[in-house]
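Worksheet: the structure to be examined is printed underneath.
Labels below follow one simple rule: chain letters A, B, ... track the order of the sequence lines, proteins then strands, and each chain is numbered from 1. Predicted model, so just to flag it, every value in this text is computed and none were measured.
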Amino acid sequence: MDFLNDIPWMLIAASIAKTLFLIFGVVLPIVSYTVYAERRVSALIQDRLGPNRTGFPISLFGFEKDLQLFLGGLGQPIADAVKFLLKEEFTPAHVNKFYFWLAPVLAMVPALSTLAVLPFGNYLFGQKMVVADVNVGILYVFAIASIGVYGIVLAGWSSNSKYPFLGSIRASSQMISYELSLGLSAVPVLLIIGNLNLSQAIQYQIENGWLLLPFTDGNLTLRELLLWIPVLISFIIFTISMFAETNRLPFDLPESETELVAGYHTEYSAMKFALFFLGEYAAMIAGSSVIVVLFLGGWHIPFLPINTLESSTTPAGIALGFLHITAFFAKVVGILLFFIWVRWTLPRFRFDQLMKLGWLYLFEIALVNIFITAAILALVK
Amino acid sequence: MAVTSQPFEQPDTLTKTQAALQHLAAGNSGASDLLGEKLVLNMGPSHPATHGVLRLVLELDGEVITKATPDVGYLHRGDEKIAENMTYNQFVPYTDRLDYLAPLANNVAYAMAVEKLMGWELPPRGQAIRVICCELARISSHLLGLGAFAMDTGAMTVFLYTFTEREKIYNLCEVISGARFTTSYTRIGGMTRDLQEPFFPMVHKFLDEFIPSLDEVDNLLSRNRIFVDRTKDVGAISKEDAISYGLTGPNLRGSGVDHDLRKKHPYLGYEKYDFDVPIGSAGDCYDRYLCRVEEMRQSVKILRQVLDKLPKGPITVSDPKNLPPAKTEVMTKMEELIHHFILHTEGIKAPPGEVYFAAENPKGELGFYINSKGGGVPHRLKIRAPSFVNLSILPKIVPGHLMSDVVAILGSLDFVMGESDR
């Protein structure tokens, strides 16, 4: 029984705890509250109110009144989730059942798996706040995120119906095209950082200032200023590509509701639909997190001390650890609000225009940008 | 060593399909190699972009449309037949349900047609009130057309902005006629009632608030690169096509034809008002959109002029035999009571003959052809519905476009099925 002693039980337990905390404590609530935010923010943009009534039904447990929190409507995501769970799990007769059931899973799982390598905080209770601190972090993110396209393709194909089919064809070509510019626009960042590990990316930004805001370390050198140009280009291309990857407006062609009814998930209902729906938001969160890690310094707060592995169990260290986690998610929420804002402002591209933008502009610019970065790195010391 | 090179051609789907269509149009029969296997897609009658119950049967090659067949009639209620079975005044509520986005304008057009048969002309105040009705209806209808067009291209927010303004017009309709949606405001020879006092501050407030709000929509769309790319050179209708297909309204003017019944055949004293008729040049979706935006501004201009010099006096024609008597007299006098019953059971005493009257409605030329054999009931009533005629151009302009362009074209044609199917 000696081998039992070799297994790092503490590490496994911590990883499971972190995974459970991340998925059930952070991501799923953020996902459902992003939906709520989407509805409230869009209402704000459109001079409406949005859902502002649903409270928490504690009257079911014998209380006199339902709990209405400060803004109202905060119970809406729970009501939505319950509605999805209680709906009839309907499978149309003409579908390919296996793939029809597999597709929603493939839409949700990659989005959540991506989060495994994203450092969402520094140290807390002697643990590094990342589920898997792997050396190929960013490659892992791209590899897993591109699996997401299978969910959409399979959904469209297995539905055995024309509108979903058109939607999934659009989705697959769109996602494959934009993955190129997504990947290429991340290369300059990796060149600058010189490491694929996402924790190292943050470490670099702590030492040299955030890539997008190079003055956050207190000083600004000529090299940083020159590098700021390709980083800005990278950031813009990366963000645009992220919109396309997550099928958000103005790139929501796969599910453009006025053309293709509901696109690839036309035939879906109940929880299977909810998985697509939430998967889109989870992908948004994953994408925003990658943007935050690569360009906005991850969990780092400028001009604030950073706790270490040793100090992370002291009260001050714990407070600092939580502060860093909060900072990370605050930045993510900021990007999410930007996603929402854009969605309710812009019209939608046409398919050929979208492909043209991806292949003729973003791809080339991203490619040239790599050379510019390399030249600056080689010439300016 | 000599090298021969051959240019490698890989046309994209759009050029490929257009080449194939030319190949077929040139009289070559049989399937061309250029065409792949076609997908027949049924769009509607229940589809978010078809605004009601239009059904389009599309033939797709990839995402490019090779053939489009509109299928109308899902909302057919037989309005023309219904009209033959009731008196002229009883048909007014049915006109609300033609273009239900501009019921006031339909009421006016119908009443004007019957009045033409009767040889009546309204007193100045009555005409001015009808102009107010028509222009409010035009703004309301164009707002919806604009909002729905924007929503079809993906800009959802514009739709809600325009609806905020339409809500104010509904409030105005309520003050004018007592009803918000199905106004039934006109009667043959006049209106149900005069404008109420609270109407005037309300309409001035609306006009003041409307232009900034329209500017906001204008700013969101007119120079938006994505929107312009989606609409420019899409669904272009040439001047000749527009005329030969009988298009009317902004769809005709978008193609560059200067034809507005308010200018060409003025009615209701439109010649007294100073306004411009916007016309486009390319006849594409973008031009039609610009025409509608400008027409709303011109409508505001007309409304301000009407309101500034609203004449005093009666609002109905002076033909007591064919108009209902005052209610107080019906209740107190025998003759008036008899007159009331005769008028409401037999209808007005229309002369035999036939008339056609067309008004410049928001959607185009709404015409009523009335064939009368005398008496209170039309022998035949034909409605020339602009939406129906405007839809007829779809098979001509849709082929060769992408699937996404169909929604832009449908949105820019701004039809309403209640009128098309009548």
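- For A:Gln353, the part lying under 4.5 angstrom from a heavy atom of chain B is the side chain only.
- The environment of A:Phe243 atom CZ is dense: over 12 non-hydrogen atoms of other residues, nucleotides or ligands sit within 6.0 angstrom.
- One finds the CE atom of B:Met156 at 9.0 Å from the CZ atom of A:Arg343 (value rounded to the nearest 0.5 Å).
- Other residues, nucleotides and ligands contribute only 12 or fewer heavy atoms inside 6.0 Å of the NZ atom of B:Lys67.
- Heavy atoms closer than 4.5 Å to chain B are found nowhere in A:Ser42, neither backbone nor side chain.
- Surrounding OH of A:Tyr33 are more than 12 heavy atoms belonging to other residues, nucleotides or ligands, all under 6.0 Å away.
- The shortest non-hydrogen separation linking A:Thr345 to B:Thr157 is N-OG1, 4.5 Å.
- Residue B:Asp229 holds its CG atom at 8.0 Å from CZ of A:Arg350, rounded to the nearest 0.5 Å.
- When the candidates B:Thr164, B:Leu160, B:Val406 are compared by the number of heavy-atom contacts under 4.5 Å with chain A, B:Leu160 comes out ahead.
- Proximity to chain A (any heavy atom under 4.5 Å) is shown, for B:Phe227, by both the backbone and the side chain.
- Of all heavy-atom pairs between A:Ile45 and B:Tyr161, the closest is O-OH, 2.8 Å.
- Distance check, rounded to the nearest 0.5 Å: CG of A:Leu346 to CD1 of B:Ile226 gives 4.5 Å.
- Atom CZ of B:Phe163 has more than 12 neighbouring heavy atoms from other residues, nucleotides or ligands inside a 6.0 Å radius.
- Other residues, nucleotides and ligands contribute at most 12 non-hydrogen atoms within 6.0 Å of the CZ atom of B:Arg225.
- Within a 6.0 Å radius of OH in A:Tyr361, no more than 12 heavy atoms belonging to other residues, nucleotides or ligands are found.
- A:Tyr163 approaches B:Met403 most closely through the heavy-atom pair CE2-CE, 4.1 Å.
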